[in-house]
Amino acid sequence: MSAVATGAPLLSAAVREAIAAEVTKYPQPRSALLIALHLIQGELGYVPLQAQREVAELLGIKPIEVREVVTFYPMYHEHSVGKRNIQVCVNIACALGGARHVVRGLEDRLGIAPGGRTPDGRYSLEEVQCLGSCGTAVCVQVNNEPYIENVKADGPDAANAIDELLKRIG
Amino acid sequence: MPERYLLPPDGTDLRSIDAYRKQGGYAAATRALREMTPEAVVEVVRESGLRGRGGAGFTTGQKWSFMPKPGGPKPSYLACNADESEPGTFKDRQIMERNPHLFLEGLVIGGYAIHARAAYVYIRGEYITAFRVLSDAIREARAAGLLGKGLFGSDREFDIHLMRGAGAYICGEETGMIESAEGRKGQPRKRPPFPAVSGLWSCPTTVNNVETVSHVPAIIMRGAAWFKTIGTPASTGNTLFGISGHVNRPGVYELPLGTPLREIIEVHAGGVRGGRALKAIIPGGVSMPVLSAAQADVAMDHDSLKQVGSLLGTGGIVVMDDTACMVRAAVVIARFFRHETCGQCTQCREGTSWLYKLLRRIEAGEGTLEDLRTIDSVGGYMEGQTICALSDAAAWAATGFLRRFRAEFEAHVHERRCPLPESFEP
Ligand SMILES: Cc1cc2nc3c(=O)[nH]c(=O)nc-3n(C[C@H](O)[C@H](O)[C@H](O)COP(=O)(O)O)c2cc1C
Ligand code: SF4
Ligand code: FES
């Protein structure tokens with residue numbers, strides 16, 4: 001984290017304003033950190049080091065205190081991921097509902113493994129833990145959008161199902 | 001069908017404040033704030049026997065009574081746990097998305113009872129829909145004078161703020177949640193001090209689950225005696241059972257505590273899919289020990305589940321039919337705990353990793369009978385000696401599967417493969 005921030009700030013005025021509004025809700029500004037990181041990731045797609053330094057300054061904490069948080073929580077990405085980050089739940093209800101078929105279908109179709117990103121930067125794939133949608137397994141979340149539920153990709157129609165899923169993902 | 005008071009009636013949309021008020025909404029908060037003292041509210045909730053719906057089942061009225069009287073040096077807070085990440089659990093989301101004002105009303109009454117300056121709701125980061133629905137509901141309630149300065153025409157001030165988690169299960173543990181809400185890694189704190197003495201920002205804090213506070217408006221309106229007519233003597237009221245896995249109609253069902261597990265599976269969830277045989281049931285989220293089909297007549301309340309060697313937990317029921325491999329189920333759950341340990345305690349950090357490796361090896365047909373003994377002994381080291389209960393849960397889950405389905409584990413060792421060709425894959 002040694003590079004000196006140069007040039008224009010990374011965080012837009014709109015994000016800075018939204019973070020400032022969050023800060024007013026708490027007795028301590030750093031309580032706004034998690035939501036601030038969501039706002040940043042919503043705009044940039046990830047939370048690069050320069051953004052971490054800028055948010056640290058806004059909240060009056062050290063950059064390393066921001067980085068600890070960014071790296072502790074699975075939803076934050078320090079490096080850019082695909083434009084459409086596809087997260088498939090592989091926990092128990094979804095596993096029972098065929099999550100492995102969904103992951104495998106996406107792997108084959110996109111040519112990447114979980115943790116990977118397509119060369120054109122369009123998609124990335126992740127296995128995630130229970131999304132709290134166990135009654136509508138298999139559950140898939142793209143970026144931080146509302147869930148795609150009841151995804152099935154086994155049986156003879158599996159290839160079509162993956163095509164359908166990718167169409168919904170956009 | 002038993003009467004519901006948490007989920008809206010079928011076909012009714014209660015998300016707007018007008019719709020909610022039209023069917024009597026906010027009358028309970030009006031009564032509590034205008035006609036009752038905070039102490040009287042605590043007393044009626046204590047008398048109702050309401051127990052926390054976040055997993056541990058602690059008596060809510062008693063928890064509230066630990067909070068200090070007003071006028072102390074520090075403000076008090078209500079911290080609401082909307083992290084809902086226990087696998088198999090998807091009930092709080094139903095309340096937040098479908099009946100947001102009921103939840104807010106419960107927070108207003110709970111906040112009043114404990115003299116809280118404000119409530120902070122910690123919502124898991126993935127729940128973007130719940131976050132949006134609640135943001136709108138809070139805006140409506142403020143505009144209607146039901147939150148903020150002088151709420152309900154009183155001389156008090158109370159507001160509700162939403163916070164967001166970011167994908168870490170451990171932030172559902174109450175002190176992990178507090179750390180996270182302070183803008184840090186969600187590593188649980190040692191107790192004492194308990195949150196009622198020093199919680200959010202070192203101030204007295206009550207942590208309650210979303211469903212827990214959502215029972216309170218009905219208790220205020222209809223009384224403790226009414227509440228106690230539902231459920232069993234030690235597990236009162238309705239609860240939201242989530243049922244998932246191999247059933248025909250998975251979903252969230254609002255039913256009295258003490259409803260027989262078999263009735264929930266057969267009647268409400270439409271039975272095991274494809275007419276297959278029932279094999280195993282996790283009764284209350286994956287932290288709770290698994291049951292075999294022979295135990296499916298248990299009543300779903302705290303005492304009855306304890307008697308059969310498990311716990312009610314979150315009431316998140318996961319059903320497995322006779323195709324499902326029990327070693328694979330244990331692998332999926334062990335992988336989860338290995339991923340979610342916060343790493344502070346050696347037994348938990350190392351133990352979750354060991355359990356996963358051992359189970360994976362058995363699943364792959366490379367395990368030995370010695371490995372089965374090691375699972376039990378590692379599990380033993382993980383119980384009762386760590387900062388929080390995640391370690392115990394990881395141990396119970398693994399040793400629970402092994403104990404109830406030992407023959408199937410041994411078959412993996414003897415046959416050097418999974419003996420269930422039709423099983424799901426981990
Ligand atoms: C590892 C772990 C995870 C937990 N996750 C949750 C959760 O997601 N939601 C919840 O309400 N309680 C959760 N709990 C229980 C909380 O620590 C706490 O007991 C509860 O929120 C208290 O509220 P209640 O008394 O209203 O149930 C968890 C506990 C542990 C040990
Ligand atoms: S028991 Fe596990 S999750 Fe809980 S504090 Fe210790 S290491 Fe962290
Ligand atoms: S197990 Fe996939 S959403 Fe709960």
Side-chain angles (χ1 to χ4, degrees), chain A residues 22 24-39 41-42 55 59 61 65-66 68-76 87 89-101 103-104 126-137 139 141 143-147 150 154, chain B residues 75 84-93 118 120 124-129 132 159 161-169 171 180-187 200-201 203 242-246 250-252 282 286 316 318-321 324 328-329 332-333 335-336 339-340 342 424-426:
Chain A
E22 279 300 319
T24 62
K25 299 179 182 173
Y26 314 106
Q28 293 173 8
R30 81 179 279 168
S31 281
L33 178 56
L34 271 78
I35 215 153
L37 294 171
H38 281 300
L39 290 166
Q41 189 159 288
V55 75
L59 301 179
I61 56 180
E65 294 177 295
V66 174
E68 274 186 343
V69 167
V70 171
T71 54
F72 182 83
Y73 293 90
M75 283 181 76
Y76 301 131
Q87 300 147 82
C89 172
V90 295
N91 212 304
I92 189 67
C94 291
L96 292 169
R100 190 48 52 197
H101 295 285
V103 173
R104 201 174 290 137
E126 280 185 67
E127 289 181 3
V128 294
Q129 297 302 332
C130 179
L131 290 168
S133 199
C134 323
T136 47
C139 183
Q141 183 167 39
N143 298 349
N144 198 195
E145 297 167 10
Y147 296 162
N150 294 307
D154 35 1
Chain B
E84 185 155 78
S85 311
E86 172 73 20
T89 311
F90 49 106
K91 64 182 179 80
D92 295 337
R93 185 179 153 210
Y120 289 87
R124 65 175 300 179
E126 295 89 341
Y127 275 3
I128 190 70
T129 303
R132 287 179 185 155
D159 213 338
H161 302 290
L162 304 181
M163 310 188 82
R164 297 188 64 195
Y169 167 69
C171 296
S180 182
E182 292 183 2
R184 298 189 174 79
K185 294 187 280 188
Q187 294 189 317
L200 261 182
W201 308 296
C203 297
I243 180 164
S244 62
H246 292 156
V252 173
I282 298 169
V286 301
V318 185
V319 174
M320 292 171 252
D321 71 16
R328 289 184 175 177
V332 167
I333 295 165
R335 177 175 65 197
F336 163 72
H339 187 259
E340 302 299 338
C342 84
F424 76 97
E425 293 174 70

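A quick note: this is a predicted structure, and the numbers were derived from the prediction, not measured. Order of the sequence lines fixes the chain letters, A, B, ..., with proteins taken first and strands second; residue numbering starts at 1 for each chain.
The backbone N or O of B/Glu425 lies less than 3.5 Å from no partner atom in the side chain of A/Arg100, so there is not a single donor-acceptor pair. A side-chain donor-acceptor contact under 3.5 Å links A/His38 to the backbone of B/Gly165. Judged by distance alone, with hydrogens and angles left aside, the side-chain atoms of B/Thr129 form no donor-acceptor pair with the main-chain N or O of A/Pro146 at under 3.5 Å.
When each of A/Ala95, A/Ala99, A/Gly97 is checked for heavy-atom pairs under 4.5 Å with chain B, A/Ala95 comes out on top. Chain A forms the most heavy-atom pairs under 4.5 Å with one residue out of B/Ala324, B/Gly251, B/Ala181, and that residue is B/Ala181. Heavy-atom pairs under 4.5 Å with chain B peak, among A/Pro27, A/Cys130, A/Ser31, at A/Ser31. Most heavy-atom pairs under 4.5 Å with chain A, from the set B/Gly88, B/Gly316, B/Gly245: that is B/Gly88. Of the listed residues (B/Met163, B/Glu84, B/Lys185), the one with the most heavy-atom contacts under 4.5 Å to chain A is B/Lys185.
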Item to check | Chi angles and distances behind the side-chain contact (heavy atoms from CB on, under 4.5 Å) call for B/Arg164, A/Asn144 | outcome: CA-CA 12 Å; B/Arg164 297 188 64 195; A/Asn144 198 195; 2.5 Å; yes
Item to check | Stepwise side-chain hydrogen bond (donor to acceptor under 3.5 Å, both in side chains) check, B/Ser180 with A/Tyr73 | outcome: CA-CA 10 Å; B/Ser180 182; A/Tyr73 293 90; 2.9 Å; yes
Next on the checklist: side-chain contact (heavy atoms from CB on, under 4.5 Å) for A/Tyr26 and B/Glu182? Distances and angles first, verdict last.
Outcome noted: CA-CA 9 Å; A/Tyr26 314 106; B/Glu182 292 183 2; over 6 Å; no
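Using a 4.5 Å cut-off on side-chain heavy atoms (C-beta onward), A/Ser133 and B/Phe90 make no contact. Residues B/Glu126 and A/Leu131 are in side-chain contact: their nearest non-hydrogen atoms beyond the backbone lie under 4.5 Å apart. Counting only heavy atoms from C-beta outward, the side chains of B/Arg93 and A/Tyr147 approach each other to under 4.5 Å. Contact of the B/Gln187 side chain with the A/Phe72 side chain is registered, since non-hydrogen atoms from C-beta on lie closer than 4.5 Å. Counting heavy atoms from C-beta on, the side chains of A/Gln129 and B/Pro87 never come closer than 4.5 Å. Side-chain atoms of A/Thr136 and B/Pro250, non-hydrogen and from C-beta on, never get closer than 4.5 Å to each other.
In this structure, no portion of A/Gln87 lies under 4.5 Å from any heavy atom of chain B. Interface remark: B/Arg124 contributes side-chain atoms only to the contact with chain A (heavy atom separation under 4.5 Å). Residue B/Val252: no heavy atom, backbone or side chain, is found under 4.5 Å from chain A. Both the backbone and the side chain of B/Ala329 come within less than 4.5 Å of a heavy atom of chain A. With a 4.5 angstrom heavy-atom cutoff, B/Tyr120 touches chain A only via side-chain atoms. Using a 4.5 Å cut-off between heavy atoms, B/Leu162 touches chain A through its backbone atoms (N, CA, C, O) alone. Heavy atoms closer than 4.5 Å to chain B are found in both the backbone and the side chain of A/Glu68. For B/Cys203, no part lies under 4.5 angstrom from a heavy atom of chain A.
Looking at every heavy atom in both residues, A/Pro74 comes nearest to B/Ala168 through CD-N, 3.9 Å.
Tested against B/Val332 for a side chain to side chain contact (heavy atoms under 4.5 Å, CB included), the candidates A/Asn91, A/Val90, A/Leu96 yield a single pass: A/Asn91.
For B/Arg184 and A/Glu65, the salt-bridge test fails: no basic side-chain N is under 4.0 Å from an acidic carboxylate O.
Between the NZ atom in A/Lys25 and the CG atom in B/Asp159 there is a gap of 9.0 Å [rounded to 0.5 Å]. If you take CD1 on A/Ile92 and CD1 on B/Ile333, they are separated by 4.5 Å, rounding to the nearest 0.5 Å. Rounding to the nearest 0.5 angstrom, the gap separating the CH2 atom in B/Trp201 from the CZ atom in A/Arg30 is 13.0 Å.
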